[in-house]
2 protein chains.
Amino acid sequence: MPPPPLARDKVLDAFEHLLVEKGERAATMEAIAAQAGVSKGGLIYHFNSKDALVEGLDQRLRVRCEEDLELMKVAPEGQVGYFLRTSALADTPFDRTLVAATRLRSHAVAREGLVWVQRRWFDTLMEVVHDEDVARTVMLIGDGLYYNAASTALPDAGLGVGDIDGIVRLVEKLVGQSTAG
Amino acid sequence: MPPPPLARDKVLDAFEHLLVEKGERAATMEAIAAQAGVSKGGLIYHFNSKDALVEGLDQRLRVRCEEDLELMKVAPEGQVGYFLRTSALADTPFDRTLVAATRLRSHAVAREGLVWVQRRWFDTLMEVVHDEDVARTVMLIGDGLYYNAASTALPDAGLGVGDIDGIVRLVEKLVGQSTAG
DNA sequence: GTCTATACATCGATAGAC
DNA sequence: GTCTATCGATGTATAGAC
């Protein structure tokens, strides 16, 4: 049994941070090491290549996705409301990992991880919604919310909490009609 | 009057192509020159820095956006239908430029251009929908469609034409309720 | 106007001291 | 286990021939 990989986690946190705040091109090995507070050599000891770093992020993404789905299933506001609200503004560990993964467009591993997450979300939503069009629409709104939350580093351009409330209300009407009809 | 800038356009086409197909990190000056069929020196003659290239893309984005909005306003299927369908699968010049711009996350100029496009879309949709929640929801679905179309280089993971039809039908019901109620 | 050649910085990765 | 030093490849940008 290896000891708890605290340094590994610290490095992955730094990797995520740079990807989210500065984008893929800024997340160099050197910058990651500096952000994590270790040397380049120290980083390479834990992840001996950039690909290994991406794989570490992918594993973390899948683990945290499953954890989030468990929360979603027991959310008091319902699964659809939980899904939409966390898409927009939750700053959970899962969220940060997810947004970080969306920045790694050139890495096949990261793309596959994202497709896997979408599949897991879709299947879980279908357990409540029972209508593929509605489930797809909810998914798309979630994607849109993520896209906006992830891309808007500009002040004044994002959606406010009140905006989200209105959208959630609208979508829940849609879901209600589909399960009733 | 300078002669028509054919070479400039060819270089921007190459820049877009690489951004869309391979991502930001692959769109290097050398790769762009090769893709455009010119030398590195020839590229630099037209755009003397990478920032100049990004600015060229930003200008093209805004021009093509306005052209697209004119088409949207006279679309036979209605503005909402046009908006959603072109978000999903249109391979128009505007589309390629837009997706390319979404890849340039580290450049402030590109981010501002995208925010500007969103604002123009929102204002135009509001001319038809007259309800901010509905307009925002339509925008989000459009963002989601773009996000999916842009990110899925994987086979079998994207949305089909039939899926889009179902979603458009659902959204138009939503829009109809809002304008009726 | 477009090219070749090349300068200079920075990238990912290796070797080996401590 | 973490560091410094450094390599080869690749990035942006410049100088100057044609």
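- Listed by residue number, A:Ile44, A:Ser49, A:Lys50 are the residues of residues 42-56 of chain A with a heavy-atom contact under 4.0 Å to DNA chain C.
- In the set C:dA13, D:dC3, D:dA13, the nucleotide with an atom closest to the side chain of B:Met29 is D:dA13.
- Here the P atom of nucleotide C:dA9 and the CZ atom of A:Arg25 are 17 Å apart, to the nearest Å.
- Residues from residues 13-21 of chain A with heavy atoms under 4.0 angstrom of DNA chain C: there are none.
- Residue A:Ala26 is the one, among A:Gly41 and A:Ala26, whose nearest nucleotide of DNA chain C lies closer to the 5' end (criterion: closest heavy atom).
- In this structure, the CZ atom of A:Arg8 is 16 Å from the C1' atom of D:dT2, given to the nearest Å.
- One side chain, A:Asp68 or A:Tyr82, offers a donor N or O that lies under 3.5 Å from an acceptor on the other.
- Between B:Arg119 and B:Asp123 there is a salt bridge, since a side-chain N of the basic residue sits under 4.0 Å from a carboxylate O of the acidic one.
- By the side chain to side chain donor-acceptor pair (under 3.5 Å) test, B:Glu132 pairs with B:Arg136, sequence neighbours left out.
- A salt bridge is absent between B:Asp165 and B:Arg169; no separation between the charged side-chain nitrogens and carboxylate oxygens falls under 4.0 Å.
- At a cut-off of 3.5 angstrom, counting only N and O atoms as typed in the model, there is a donor on one side and an acceptor on the other between the side-chain of B:Lys40 and the base of D:dT12.
- Note on B:Glu30 versus B:Lys40: salt bridge recorded, some NZ/NE/NH1/NH2 to OD/OE distance being below 4.0 Å.
- Taking the side chain of B:Thr28 as heavy atoms from C-beta on, and the options C:dT2, C:dC11, D:dT12, the nearest nucleotide is D:dT12.
- Hydrophobic clustering of Ile, Leu, Val, Met, Phe, Trp and Tyr side chains at less than 4.5 Å, counting indirect connections, keeps B:Val54 apart from B:Leu98.
- Looking only at distances, no side-chain donor or acceptor of A:Asp9 sits under 3.5 Å from a matching main-chain atom of A:Leu6.
- The distance from the CD atom of A:Glu24 to the CZ atom of B:Arg103 is 10.0 Å, given to the nearest 0.5 Å.
- Remark: the A:Thr97 side chain and the A:Arg64 side chain contain an N/O donor-acceptor pair separated by less than 3.5 Å.
- Residue-to-nucleotide proximity on DNA chain D shows that, of B:Glu30 and A:Val38, the 5′-proximal contact is made by A:Val38.
- Among the atoms of the strands shown, base atoms are found under 4.0 Å from some heavy atom of A:Ser39.
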